[in-house]
Amino acid sequence: MTNTRHNPAAIAAPARNLYAHAVAVPAGSRHLYIAGQVGTRPDGTIAPDLEGQVEQIMANIRAILADAGMGFGDIVKINAYCLAAEDIVTYAGIRNRHFAGSPPATTAVVVSGLADPGWLVEVDAVAAKAGA
Amino acid sequence: MTNTRHNPAAIAAPARNLYAHAVAVPAGSRHLYIAGQVGTRPDGTIAPDLEGQVEQIMANIRAILADAGMGFGDIVKINAYCLAAEDIVTYAGIRNRHFAGSPPATTAVVVSGLADPGWLVEVDAVAAKAGA
Amino acid sequence: MTNTRHNPAAIAAPARNLYAHAVAVPAGSRHLYIAGQVGTRPDGTIAPDLEGQVEQIMANIRAILADAGMGFGDIVKINAYCLAAEDIVTYAGIRNRHFAGSPPATTAVVVSGLADPGWLVEVDAVAAKAGA
């Protein structure tokens, strides 16, 4: 069995189907809890702007998923903590390119700060895949 | 097996038992990850005030749960992102009416903003139910 | 099967291995969703400072885990909502003492407020353990 998206007709559809109102994970699946990722590059430096940080975050998430035998299509929920409302638009634009055909459930909010003043966004996620 | 609430006597009880300190989901359950819901009505307009937005959010969640063969009693965790501390009280009052006898684990925080300036609160949740 | 940590070499390692980039939960596990904990003591009073609140939160989480037959090593994801970036450092220092050898995936953000003006931090978590 595979994850199933739920977008009931009784409520307004997700904007341009770029996310799912809900994703169901069948019994018998393993879950992967991904820590809040930031724009830290492999050498430890931080990407200087929001676009670069989001791209690095997605690269980090891709590497984490691969290490667990998963891909973006297995992400069921992804959460973003941005520093400004307009940053959510930038984040979502980059994020959406990774989820064609299998959008996750999403949450995105504006927070007052993150642990490091150089970080402009933090993104965590849950993925799930059938099998042990 | 069903979800089980944990409220150990060693710690202060949840206020008026309106939430659970923790909810355990047995193995062999399916999980439902619900995206951040906002007060968008089926016609795409946004409910104008906080009470209306929370009512619409709960209606949206009810429709999503029903689409997945679940109900409010299957929600194990619900998170609210409000714009003011006093709004958490309003949100919780409406939320609690939906969970009589089977309160979920909850988190509620005040954020600086949401993606759309018309949104006053965003609520996401995880539900789980025994069976495939 | 047990929970598995994923820290792929392709991305920057977690700082001092005090958290995991991701934790995988095998199929056949039960999940425990822990509500946002605050520094409320068993008598209902609130610990007066940040350190005291974090210590109380960790004591609360320990009691909740024990009630569910789990321990800190079973926590797969822990999230903190602080009121200042420097508070994340204080929180993480206390938190880390509880996770030697089995760090969870983490997220920590700065929010504008919490439900009660006396609360300086709120922490929620997900734990998981093999077996029904």
Side-chain angles (χ1 to χ4, degrees), chain A residues 1-15 17-31 33 74-93 103-114 125-130 132, chain B residues 1 25-47 56-70 74-75 77 79-83 109-119 121-132:
Chain A
M1 292 174 63
T2 58
N3 299 333
T4 308
R5 280 148 188 87
H6 289 278
N7 292 302
I11 64 176
N17 284 309
L18 291 175
Y19 65 95
H21 275 311
V23 182
V25 175
S29 301
R30 61 195 169 97
H31 284 70
Y33 292 89
D74 299 308
I75 291 185
V76 294
K77 181 79 196 296
I78 191 164
N79 307 305
Y81 307 91
C82 294
L83 298 184
E86 56 266 31
D87 291 357
I88 294 178
V89 177
T90 301
Y91 150 74
T106 60
T107 294
V109 299
V110 182
V111 294
S112 308
L114 297 167
V126 181
K129 190 173 183 176
Chain B
M1 293 174 63
V25 175
S29 301
R30 60 195 170 95
H31 284 70
L32 183 71
Y33 291 89
I34 300 176
Q37 296 296 309
V38 294
T40 306
R41 296 181 283 215
D43 67 1
T45 61
I46 301 172
Q56 185 62 53
I57 285 169
M58 301 311 285
N60 289 3
I61 292 176
R62 182 187 300 278
I64 291 165
L65 289 164
D67 202 56
M70 295 186 183
D74 300 308
I75 291 185
K77 181 79 195 296
N79 307 305
Y81 307 92
C82 294
L83 298 184
V109 299
V110 182
V111 294
S112 308
L114 297 167
D116 185 297
W119 299 347
V121 54
E122 182 164 338
V123 178
D124 63 14
V126 181
K129 190 173 183 177

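Naming: A, B, ... by sequence-line order, numbering from 1 per chain. What you see is a predicted model; the values in this text were computed from it and never measured.
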Measuring heavy-atom distances to chain B, does V126(A) have an atom under 4.5 Å in its side chain, in its backbone, in both, or in neither?
side chain
Here the pair of heavy atoms bringing D67(B) nearest to H6(A) is OD2-ND1, 3.0 Å
Straight-line distance of I11(A) CD1 to I57(B) CD1, nearest 0.5 Å:
11.0 Å
Counting heavy-atom pairs closer than 4.5 Å to chain B, which one of A24(A), A27(A), A105(A), P14(A) comes out on top?
A27(A)
Highest number of heavy-atom pairs under 4.5 Å with chain A: which of N60(B), T40(B), I61(B)?
N60(B)
Do you know which of L32(B), L65(B), D116(B) has the most heavy-atom pairs with chain A at a distance under 4.5 angstrom?
L32(B)
V111(B)/V110(A) under side-chain contact (heavy atoms from CB on, under 4.5 Å): CA gap, chis, key distance, verdict:
CA-CA 6 Å; V111(B) 294; V110(A) 182; 5.7 Å; no
Pair up each side-chain donor or acceptor in residues 75-88 of chain A with any protein partner under 3.5 Å, not counting sequence neighbours, and list the distances.
residue	atom	partner	partner atom	Å
K77(A)	NZ	N79(A)	OD1	3.0
K77(A)	NZ	T107(A)	OG1	3.2
K77(A)	NZ	D124(B)	OD2	2.6
N79(A)	ND2	D124(A)	OD1	2.9

Assert top hit (heavy-atom pairs under 4.5 Å, partner chain A, pool M70(B), Q37(B), R41(B)) equals Q37(B)
Looking at OH of Y33(B) and NE2 of H31(A), how far apart are the two atoms once the value is rounded to the nearest 0.5 Å?
3.5 Å
Which atoms of A20(A) approach chain B - backbone, side chain, both or neither, heavy atom under 4.5 Å
backbone
Which atoms of Q56(B) come close to chain A, meaning under 4.5 Å heavy atom to heavy atom: side chain ones, backbone ones, both, or neither?
neither
Highest number of heavy-atom pairs under 4.5 Å with chain A among A128(B), G36(B), S112(B), A115(B) belongs to S112(B)
